[in-house]
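Contents: one structure, followed by commentary.
Only heavy atoms go into these numbers, but all of them, side chains included; no hydrogens, no water, no symmetry mates. Indexing begins at 1, ligand by ligand and atom by atom, following the structure's order.
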Amino acid sequence: MDAQLTLLPGDGIGPEIVAQAERVLSAIGEKFGHSFHCQTCEVGGSAIDSVGTPLPEETLDACRASNAILLGAVGGPKWDDPTASIRPEQGLLGLRKELKLFANLRPIKPHNVLLDASPLKREIIEGVDILFVRELTGGIYFGESGRRQHEGTEFAYDVMQYSEPEVERIVRLAAVAAQGRRGKLTSVDKANVLEASRLWRQTARQVVEQDFAELDYGVELVDAMAMHLISRPADFDVVVTGNMFGDILTDEGSMLPGSLGMLPSASVGQSGPGLYEPIHGSAPDIAGKGIANPLATILASAMMLRHSLNLEEEAGLIENCVENVLDQGHRTEDIAAGGPSIGTAEMGSLVVEQIQQQ
Ligand code: NAD
């Protein structure tokens, strides 16, 4: 396969961790005979510094012309003024909007050897393997909002709204993902209170009944789901939900494995390139020290191969190699629990060696 990839290292530890993912992709390319043509572009704070905008036209053009995009992280104290009109995260939001990335996929699968790093008891976290599918371009974050005065009192409002097609396309995507996994799909809403959720529930049920009747399908209210995630997370497979509920539940879910440095995510659209990234930020406190954990970004590159390039075997190999390196006891500082640790590049080298040996 010949694929065009855009790499967006961004800020802080971004360049360090993306460099390791690039090495891993190159090792996969060599092993399987694929040519991954990587073009590196600027985004976020570093792009503001060099060209005055967090999403330069050149970056957007390169992204549009590529098969997939791998991002490190954006932001940092230098650009943190909340009142500034130009901010690093506008680069990321701009990319999602321009590329119409309506679905955010976040797998939550704690690694066996790191189970004790979880804030939950081992018996609760064991066997957890959830794929969150969050709607990313609709709902309350994109509805009408504003303020008004009434009889001397100020009111503020944010409108939650979903259309049938918006719900249908995200539920369809989640259902297809469930078919390729354990066949279980849970839709999360607040249908006991919200009209937008009642339309969500009705549309989701129609989609599943019409085209995915073989799935083990269920619904949960978002408040109950927040509890189930802590009390019985292993019971869930694919979980599909709207923008705001997904925002909150995926952050809750990201705490289950006990380390931010291990979790990848993807944002994908109906067609065109997907955007793959670790869920953590730019970690300015450790940037430049060579100690950041590159595994979330390496695992994001595996998701990229699976979802954008349809290279399932290659993606699985990266995931197995990461598992093997952890099984052998290698740890970066964030997952070492005070024990001996290795640096970013060394961790990347170990994964590359594993790939070459398989
Ligand atoms: P953060 O995720 O960058 O860091 C939180 C803590 O986790 C820090 O102690 C950091 O050292 C550690 N950490 C994170 N990733 C790590 C890794 N790979 N290896 C080892 N340790 C790691 O969150 P924050 O400190 O709240 O935010 C820092 C900056 O990142 C802010 O400017 C924020 O806006 C930005 N941010 C960007 C994204 C993104 O680009 N998608 C996401 C979240 C935050």
Check ion pair Asp251-Arg106 (N to O, under 4.0 angstrom) = yes

Considering only protein heavy atoms, which is closest to atom 9 (O) of ligand 1, and at what distance to one decimal place?
-> Asp285 OD2, 2.9 Å

Residue, atom and distance of the protein heavy atom nearest atom 31 (C) of ligand 1 read Gly76 N, 4.2 Å

List the closest protein heavy-atom neighbour of atom 38 (C) of ligand 1: residue, atom name, distance to the nearest 0.1 Å.
-> Gly281 CA, 3.6 Å

Between Asp235 and Lys184, does at least one N-O distance fall below 4.0 Å, as a salt bridge requires?
-> no

Parallel, tilted or perpendicular: which describes the rings of Tyr276 and His307, with under 30° parallel and over 60° perpendicular?
-> parallel

Should the proximity of Asp80 to ligand 1, defined as any heavy atom under 4.0 Å, be assigned to the side chain, the backbone, both, or neither?
-> side chain

Can you tell which part of Glu277 has a heavy atom less than 4.0 Å from ligand 1: side chain, backbone, both or neither?
-> side chain

Only heavy atoms count here, so choose which of Gly75, Ser282, Pro294, Gly44 is nearest to atom 30 (O) of ligand 1.
-> Ser282

State whether a side-chain donor-acceptor pair under 3.5 Å links Thr297 with Gln20.
-> no

Examine the side chains of Asp334 and Ser259 and answer whether a donor and an acceptor come within less than 3.5 Å of each other.
-> yes

Could any protein non-hydrogen atom be found less than 4.0 Å from atom 25 (O) of ligand 1?
-> no

Atoms in ligand 1 with a heavy atom of Ala292 nearer than 4.0 Å = 19 (N)

Is there a nitrogen or oxygen of Ile279 sitting under 3.5 Å from a nitrogen or oxygen of ligand 1?
-> no

Taking heavy atoms and a distance under 4.0 Å, where does Ile13 meet ligand 1: side chain, backbone, both or neither?
-> side chain

Would you say the side-chain atoms of Gln206 and Gln210 include a donor-acceptor pair closer than 3.5 Å?
-> no

Heavy-atom contacts under 4.0 Å between Asn293 and ligand 1: side chain, backbone, both, or neither?
-> both

Return yes when at least one protein heavy atom is under 4.0 Å from atom 34 (O) of ligand 1, and no when none is.
-> no

Return the option from Ile17, Ile335, Thr332, Leu260 holding the heavy atom at the smallest distance from atom 5 (C) of ligand 1.
-> Leu260

Do you see a donor-acceptor pair shorter than 3.5 Å between the side chains of Ser267 and Asn104?
-> yes

So which heavy atom in the protein is nearest atom 22 (C) of ligand 1, and how far is it from that ligand atom?
-> Ile286 CD1, 4.1 Å

Among side-chain atoms of Tyr141 and Asp247, is any donor-acceptor pair under 3.5 angstrom?
-> yes

Option whose closest heavy atom lies nearest to atom 14 (C) of ligand 1, chosen from Met347, His280, Lys78, Met262 | His280

For the pair Arg182 and Asp216, find out whether any cationic side-chain nitrogen is under 4.0 Å from an anionic carboxylate oxygen.
-> no

How does Leu92 reach ligand 1, if at all, at less than 4.0 Å between non-hydrogen atoms: by side chain, backbone, both, or neither?
-> side chain

If you scan protein heavy atoms around atom 28 (C) of ligand 1, the nearest is Pro284 CD, 3.4 Å

Any side-chain donor paired with an acceptor under 3.5 Å for Gln179 and Glu214?
-> yes

Heavy atoms only: which of Gly45, Ala283, Ala73 is nearest to atom 3 (O) of ligand 1?
-> Ala283

Ligand 1 N/O within reach of Val74 N/O, cut-off under 3.5 Å | yes

What orientation do Phe32 and His34 show, parallel under 30°, tilted 30 to 60°, or perpendicular over 60°?
-> parallel

Decide whether Glu135 and Thr137 meet the rule of one side-chain donor and one side-chain acceptor closer than 3.5 Å.
-> yes

